[in-house]
Protein chains: 2
Amino acid sequence: MPKQTKYVLSERDIPEKWYNITADMPNKPLPPLHPATHEPIGPEALAPLFPMELIKQEVTSETWVEIPEEVREIYKLWRPTPLYRAHRLEKALDTPAKIYYKYEGVSPAGSHKPNTAVPQAYYNKQEGVKRITTETGAGQWGSALAFACNVFDMACEIYMVKISYEQKPYRKLMMNTWGADVYPSPSDRTNAGRQILAQDPDSPGSLGIAISEAVEMAAMDPETKYSLGSVLNHVLLHQTVIGQEAIKQMEMAGDFPDIVIAPFGGGSNFAGISFPFLRYKLTEGKKLRAIAVEPTSCPKLTRGVFRYDFGDTIGMTPLLPMYTLGHTFVPAKIHAGGLRYHGAGAIVSQLLRDGIIEAQAVDQIDTFEAGLLFARAEGIIPAPEANHGIAAAIHEAMRAKEEGTSKTILFNLCGHGHFDMASYEAYFSGRLQRHEMSQEEIDAAVALIDTPAIPA
Amino acid sequence: MPKQTKYVLSERDIPEKWYNITADMPNKPLPPLHPATHEPIGPEALAPLFPMELIKQEVTSETWVEIPEEVREIYKLWRPTPLYRAHRLEKALDTPAKIYYKYEGVSPAGSHKPNTAVPQAYYNKQEGVKRITTETGAGQWGSALAFACNVFDMACEIYMVKISYEQKPYRKLMMNTWGADVYPSPSDRTNAGRQILAQDPDSPGSLGIAISEAVEMAAMDPETKYSLGSVLNHVLLHQTVIGQEAIKQMEMAGDFPDIVIAPFGGGSNFAGISFPFLRYKLTEGKKLRAIAVEPTSCPKLTRGVFRYDFGDTIGMTPLLPMYTLGHTFVPAKIHAGGLRYHGAGAIVSQLLRDGIIEAQAVDQIDTFEAGLLFARAEGIIPAPEANHGIAAAIHEAMRAKEEGTSKTILFNLCGHGHFDMASYEAYFSGRLQRHEMSQEEIDAAVALIDTPAIPA
């Protein structure tokens, strides 16, 4: 019978600083542009929505940003997270590859999202903010922010896409348990929501509408700010605690990855595990493949275009340089709700453009096949988003087998699937569908983009 | 802001032996009796249902039982589990008491149940068993056994009370994900099930019927055995890894509990945390209160009678010496399904009779109030069963405050509530009911018991 190996760190090993990869990038991310003037915007443009300390982190050029002691105290509730050698999965695959995974599902909210929710809530609290608004689709981000706001005794107002609100009552209840107010979006609480409801009283909602509602509530009230769970630089920065811990744990294992893999929605999961390892590639020329894994139904990295685009559907945010399928693109309703986002953050987009990282797209049926194999081998039931990373790791392990090489593969198991069992039911019953986009569909989506091109 | 303190052990600290409290008890548990002859039965009577190694553990008088290396390997997947100081809960209560909790929800199945499911599957596998049957109500035990059978590549057949099967599809899907076959009980697969269905095709099922089905399937086939998740001596034995780890962690904290608390259904959770601590009371005379916490709707420890009774509803098992409300007693449908059992295991019953341990009953509404306070203070959402322990811990902490003494309280947080959010919804919406039993109801239940009294 295979061994079971778990690499456990002590609380002293929780990182003291976040790693800012932009300091080491050969080409820095392009600046955000004002939506009307198309001129680069300064930090002050973000002040109505975010506290100043987070805006500073968004634009900092320092390599390391100190983690406040209060945030590290909260991290101790679940950090350091374990890193496992997947002996049983290796055996099931009969591969010479060594497979490791970092497990972020041990957080109270069940994913990596609290790594940034906690500092975001902290800095807002420090600057006197009383209430944070946000949107949530599948609910992972909403529950992480609800948890974080509860820790710092702040109000939390969450606009949850109405169809998810109705289909995922347990995620909503988790947010309620931590004291958050959750509203189905579109709601009658905002101008944006009322406008949509006037046109279509039965609107199922969308992430774009929910963002509009959350942003509107924050912009209206000086004591309220808005919070985002991915895409932006400061969000990715906070997630680097994952990779920093993983480096120490790989040292315990006497190993270093040839390949680092993570699912990709807006970039926070991928950045969290890969950026600290990429530092060795950028500063020491170490060989390392970092693979971002997206669904074939939303292939912005593998089939999208690199240009300026809005972060939200209706175009309220600054214009960001991103690989995108267009801000009005609506991905198929796959079960990995956390990966249904039209664009990639500015840092990841630049890294991809410069060939420093890679991207792969996997169909959801293949991801559930991989996730089930993993659950039966390793005992942990993964979230549908996490299954994308597992599928790519298995693919690379099987390639190593064919090539007869012994690769070391590390992936981030970003969350458990306890609130996603209905998606496994859909897989078991054969109700899941493939969602390969045709070139015509890609072209049609991209043709709708009317925002500025990237300067040559 | 309060500190966050988590005591983490290394894999080397996973216990190498289970602790058998019967070796240290002043009065040993009374022997089980044959249901027809009322004579004490020997180990051979259990052979059709259990592998010989587990039967030996059921009756051993050794103090320590070695844990097989293969079982310790599997334990490493989630063990050692963390022990926390509940600084935030203490602050919320403004109590001088120090509160610690051991968290067993980090196991793949989300509770302490895999601690015994894994060795039970292991010993069955060693003795050539191909398939294990069991019953499950709320689903915690069924999912733990499904996980364990999957690890050892054995078939697992689970009879799930039909009303739970319909109301808790996600628990069922968790079992399916690990490869178990789950049948709503009563089923048409067994004589027992067909008999019930003939009388009542719409029977919602009961734990008693499900046990009958699982036992019948095991008794019919020499390659199939049956497995139980609580009550029996060997099950309690396996759970003592919890308390042994907690002793080391309390040493790290430089502390020792005045009071150890756990929820009580059949005894496995309570035994797991308390027996290793009770060893110091039994062998060194150390002062220690151990409190088993049951629901007011099923108060066998606080209001039941001590006598011989059946382990199952329809009377197929040997007669066991137990505090009981009668094997035909049907508790109110509270949300802590794991605590809806009519009797207590033989060891715990003897300890209670001898005044070595204590028992308290708490109403479910008070347990959810406590659980919500805990979730908001400590960030972990507890299972409804676990909320019983939390309520008692809070009660003792408030008593310490009134008395102006600084007690050290330790409780076992036996599982998370990710699959129980519907019960929180019932609490939030005011739909939960109180279930205090009247003396008439207790008398009526006890009057139905027609099994032998305990010899004087």
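Naming: A, B, ... by sequence-line order, numbering from 1 per chain. As the structure is a computational prediction, the values presented were derived from the model and not from experiment.
Applying the 6.0 Å contact sphere to CG of B:D255 captures more than 12 heavy atoms from other residues, nucleotides or ligands.
Ranked by heavy-atom pairs shorter than 4.5 Å toward chain A, the options B:D420, B:L372, B:T5 are led by B:L372. Chain A forms more heavy-atom pairs under 4.5 Å with one residue of B:L77, B:L9, B:V106 than with any other, namely B:L77. Annotation: maximal heavy-atom pairing with chain B below 4.5 Å, among A:E425, A:H418, A:K76, occurs at A:H418. Of the listed residues (A:Y84, A:Y75, A:Y424), the greatest number of heavy-atom pairs within a distance under 4.5 Å of chain B belongs to A:Y84.
Heavy atoms closer than 4.5 Å to chain B are found in the side chain of A:V8, but not in its backbone. Heavy atoms closer than 4.5 Å to chain A are found nowhere in B:Y103, neither backbone nor side chain. Heavy-atom distances place both the backbone and the side chain of A:A422 under 4.5 Å from chain B. At a 4.5 Å heavy-atom cutoff, the contact between B:R79 and chain A is made by backbone atoms alone. There is no contact between A:E69 and chain B, counting heavy-atom distances below 4.5 Å. Looking at B:E11, only its side chain comes within 4.5 Å of chain A, counting heavy atoms on both sides. Residue contact with chain B, scored on non-hydrogen atoms closer than 4.5 Å, involves the backbone and the side chain of A:Y170 alike.
Between A:F419 and B:M421, the closest side-chain pair of non-hydrogen atoms falls below 4.5 Å.
Here the shortest heavy-atom pairing between B:G379 and A:F147 reads CA-CE1, 3.8 Å.
Ring geometry, A:H416 versus B:H416: the interplanar angle falls under 30°, so the pair is classed parallel (tilted spans 30 to 60°).
When the heavy atoms of residues 172-181 of chain B are compared with those of chain A, the residues falling under 4.5 Å are B:K172, B:L173, B:M174, B:N176, B:T177, B:W178, B:G179, listed by number.
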Report task. Evaluate side chain to side chain contact (heavy atoms under 4.5 Å, CB included) for B:K6 paired with A:W78, printing each intermediate quantity in order. Result -> CA-CA 9 Å; B:K6 178 171 86 229; A:W78 73 96; 5.7 Å; no
Query - Working for side chain to side chain contact (heavy atoms under 4.5 Å, CB included), residues A:I74 and B:R88 - result: CA-CA 11 Å; A:I74 309 301; B:R88 290 161 191 284; 2.7 Å; yes
